[in-house]
Amino acid sequence: MKKIFACALLSSFTFASFFANAQTEITADTKAASFYERTHSQNRAPVEFPSVREADVLNAKYVWRRINFSEKFNQFFYYPITVQGAANQGLENLATIIWNGIMDGKITAYTNDDFTTEIVPEALKARFEKARTDSVWVDNEDGFQELKIIPIQEKFNPADVTQLDIIECWFLDKQRSVQDVRILGMALSKEDYKIDPESGEKMSFGTMEVCWIKYANDPAVRQLLVNKEVYNPRNDADRRTFDDIFVQRYFSSYITKESNVSQRAIAAYLTGIDGLLESEKIKADLMNQEIDMWEY
């Protein structure tokens with residue numbers, strides 16, 4: 001009798017649960033795979049770095065790296081260009097996240113990698129969102145074409161951001177007997193170009209820095225990035241966050257500069273294949289530094 005009562009009670013709960021779920025309206029705002037809400041990266045706190053005392057740092061080297069978004073391994077920094085679409089599930093690219101974070105006052109922007117001079121959002125917006133004019137051919141009342149000047153208000157376009165420069169410090173910690181690294185800051189760089197008014201073609205002039213932001217020493221930046229998911233090409237149900245990407249060093253990069261007496265970048269004295277070989281040499285020296293620590 002008890003078994004019959006238990007089965008009847010379980011069946012009623014199952015039916016009630018099914019009926020309740022059937023009444024739930026699934027919308028596109030859930031940022032999920034259309035049947036469950038993603039909460040993995042909501043209200044997360046960044047992983048704390050181990051504290052380091054000055055007396056425990058045996059050796060240190062500052063290194064500048066460049067992450068090129070055009071590399072296949074780094075494309076999750078660049079895409080998606082827009083958050084619209086069910087497949088994107090509300091994901092944003094890194095440039096959009098950082099730019100919106102600065103404009104909303106959540107994080108602080110700086111002019112260079114010294115992190116001494118701040119840039120207010122209004123000044124940054126005025127620099128990259130300028131008003132300009134463009135000339136187009138339009139049909140007039142007589143049926144002839146005439147050149148008309150129209151005003152255009154430029155907006156910051158995350159699609160123009162093509163690379164990320166980071167500054168980091170590699171050091172030997174004798175307290176933990178490890179070689180560790182801290183990313184101190186990063187800078188977005190966008191394509192610098194103009195549109196030819198006659199042909200409408202893009203004339204590129206290389207790249208230009210947007211701004212620098214702190215990373216390891218700015219909790220606001222890490223808090224922003226730890227709540228922003230990154231597309232995982234292998235599994236849509238398993239998403240890292242941008243903070244995970246930087247902590248786990250899940251990116252492809254090459255060294256552009258190391259601390260030196262004249263503070264020269266590699267491109268200032270070597271170019272082409274020689275510059276790449278110099279970059280690999282610096283990388284090998286960093287790896288050998290930890291190996292040498294265990295030699296007697």
Side-chain angles (χ1 to χ4, degrees), residues 27-51 65-110 115 156 158-159 161-170 180-190 210-253:
T27 65
D29 295 333
T30 58
K31 296 181 181 180
S34 76
F35 64 94
Y36 68 96
E37 184 178 1
R38 302 187 65 92
T39 59
H40 171 69
S41 62
Q42 296 180 7
N43 300 320
R44 284 187 57 188
V47 177
E48 295 185 6
F49 294 124
S51 60
R65 290 180 181 271
R66 179 158 296 165
I67 301 174
N68 196 325
F69 294 169
S70 63
E71 292 188 34
K72 186 176 181 179
F73 193 86
N74 296 327
Q75 287 186 349
F76 56 81
F77 287 106
Y78 186 80
Y79 293 103
I81 297 301
T82 174
V83 298
Q84 298 177 354
N88 292 339
Q89 299 180 15
L91 299 181
E92 297 175 302
N93 58 50
L94 184 63
T96 300
I97 294 171
I98 293 179
W99 180 263
N100 290 340
I102 296 173
M103 293 298 111
D104 295 339
K106 295 180 180 179
I107 58 178
T108 305
Y110 298 87
F115 306 107
F156 179 79
V161 177
T162 56
Q163 65 189 32
L164 181 74
D165 290 307
I166 62 176
I167 176 175
E168 59 190 15
C169 181
W170 290 78
D180 208 344
V181 60
R182 294 284 190 277
I183 296 178
L184 305 180
M186 57 189 69
L188 296 172
S189 293
K190 67 180 293 292
V210 177
C211 64
W212 281 86
I213 61 172
K214 293 182 179 179
Y215 176 72
N217 296 329
D218 192 340
V221 173
R222 295 199 62 203
Q223 186 62 47
L224 176 66
L225 297 180
V226 80
N227 288 287
K228 297 296 184 179
E229 290 185 340
V230 179
Y231 176 72
N232 185 349
R234 295 180 177 84
N235 186 355
D236 285 333
D238 181 20
R239 293 277 172 79
R240 298 179 178 91
T241 67
F242 274 105
D243 190 63
D244 296 331
I245 292 297
F246 291 116
V247 171
Q248 300 170 10
R249 303 187 65 78
Y250 190 78
F251 54 81
S252 173
S253 65

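We use all heavy atoms of the structure for the numbers below, so side chains are in, but hydrogens, waters and symmetry mates are not.
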Asker: Kindly determine whether Met186 and Val221 satisfy side-chain contact (heavy atoms from CB on, under 4.5 Å), including the steps that lead there.
Answerer: CA-CA 11 Å; Met186 57 189 69; Val221 173; 5.7 Å; no
Asker: Is the backbone of Val47 close enough, under 3.5 Å, to the side chain of Arg222 for a donor and an acceptor to pair up by distance?
Answerer: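 Present.
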Asker: Rounded at 0.5 Å granularity, tell me how far CD1 in Ile245 sits from CG in Leu225.
Answerer: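 Spacing of CD1 (Ile245) from CG (Leu225) equals 11.0 Å.
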Asker: Applying side chain to side chain donor-acceptor pair (under 3.5 Å), can you list everything that pairs with Trp99, at least two apart in sequence or on another chain?
Answerer: none
Asker: Would the number of heavy atoms belonging to other residues, nucleotides or ligands and lying under 6.0 Å from CG of Asn217 be above 12?
Answerer: no
Asker: Mind checking the OG-CG spacing from Ser189 to Leu164? Nearest 0.5 Å is all I need.
Answerer: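 It comes to 8.0 Å.
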Asker: Within this structure, what is the CD1-SG distance for the pair Ile102 and Cys211, rounded to the nearest 0.5 Å?
Answerer: 3.5 Å
Asker: Atom OG of Ser253 and atom CD of Glu71: how far apart are they, to the nearest 0.5 Å?
Answerer: 8.5 Å
Asker: Kindly give the heavy-atom pair with the smallest separation between Thr241 and Val226, and that separation in Å.
Answerer: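 Closest approach of Thr241 to Val226: CG2-O, 3.2 Å.
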Asker: Within the distance-only criterion (no hydrogens, no angle test), does the side chain of Tyr78 pair as donor or acceptor with the backbone N or O of Ala159 below 3.5 angstrom?
Answerer: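 It does hold such a pair.
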Asker: Please find the pair of heavy atoms, one from Ile213 and one from Ala109, that lie closest to each other, and give the distance.
Answerer: CG2-CA, 4.3 Å
Asker: Quick one: do Leu224 and Ile97 satisfy side-chain contact (heavy atoms from CB on, under 4.5 Å)? Show the steps, please.
Answerer: CA-CA 8 Å; Leu224 176 66; Ile97 294 171; 4.0 Å; yes
Asker: Check whether any side-chain N or O of Asn74 sits under 3.5 Å from a backbone N or O of Phe251 as a donor-acceptor pair, and report yes or no.
Answerer: no
Asker: Please identify each residue that fulfils salt bridge (Lys or Arg N to Asp or Glu O under 4.0 Å) with Asp180, with sequence neighbours left out.
Answerer: Arg176, Arg182
Asker: Verify, without hydrogens or angle tests, whether Asp104 (side chain) and Lys106 (backbone) share a donor-acceptor contact under 3.5 angstrom.
Answerer: no
Asker: Work out which heavy atom in Thr96 is nearest to a heavy atom in Pro158; give both atom names and the distance.
Answerer: OG1-CG, 3.2 Å
Asker: Can you find a heavy atom in the side chain of Val230 that is under 4.5 Å from one in the side chain of Asp244?
Answerer: no
Asker: Using atom types as modelled and distance alone, determine if a side-chain donor or acceptor of Asn68 lies under 3.5 Å from a backbone N or O of Gln163.
Answerer: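 Looks like no, no N/O pair under 3.5 Å.
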Asker: Just jot down the side chain to side chain donor-acceptor pair (under 3.5 Å) partners of Ser51, sequence neighbours excluded, or say none.
Answerer: none
Asker: Return the orientation label for the Phe115 and Tyr110 ring planes: parallel under 30°, perpendicular over 60°, tilted otherwise.
Answerer: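 Answer is perpendicular, since the angle exceeds 60°.
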Asker: Just how far is it from atom NZ of Lys228 to atom CG of Leu91, taken to the nearest 0.5 Å?
Answerer: 10.0 Å
Asker: Does a donor on one side chain and an acceptor on the other come within less than 3.5 Å for Tyr215 and Asp243?
Answerer: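 Tyr215 vs Asp243: donor-acceptor pair found between side chains.
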Asker: As a quick check of understanding, evaluate side-chain contact (heavy atoms from CB on, under 4.5 Å) for Phe242 and Leu94, giving each step before the final call.
Answerer: CA-CA 8 Å; Phe242 274 105; Leu94 184 63; 3.9 Å; yes
Asker: For residues Ser70 and Gln75, report the shortest heavy-atom separation together with the two atoms involved.
Answerer: O-NE2, 4.2 Å
Asker: Kindly determine whether Val161 and Phe156 satisfy side-chain contact (heavy atoms from CB on, under 4.5 Å), including the steps that lead there.
Answerer: CA-CA 10 Å; Val161 177; Phe156 179 79; 3.7 Å; yes
Asker: Got more than 12 heavy atoms from elsewhere within 6.0 Å of CD, Glu48?
Answerer: no
Asker: Measure the CZ-CZ distance between Arg249 and Arg65 for me, rounded to the nearest 0.5 Å.
Answerer: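 Taking CZ in Arg249 and CZ in Arg65, the distance rounds to 5.0 Å.
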Asker: On a heavy-atom basis, which atom in Arg44 and which in Asn227 lie closest, and how many Å separate them?
Answerer: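 What the structure gives for the nearest pair is N-OD1, 2.9 Å.
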Asker: May I ask you to decide if Phe77's main-chain N or O and Asn93's side chain share a donor-acceptor pair within less than 3.5 Å?
Answerer: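 Here the side-chain-to-backbone pair does not exist.
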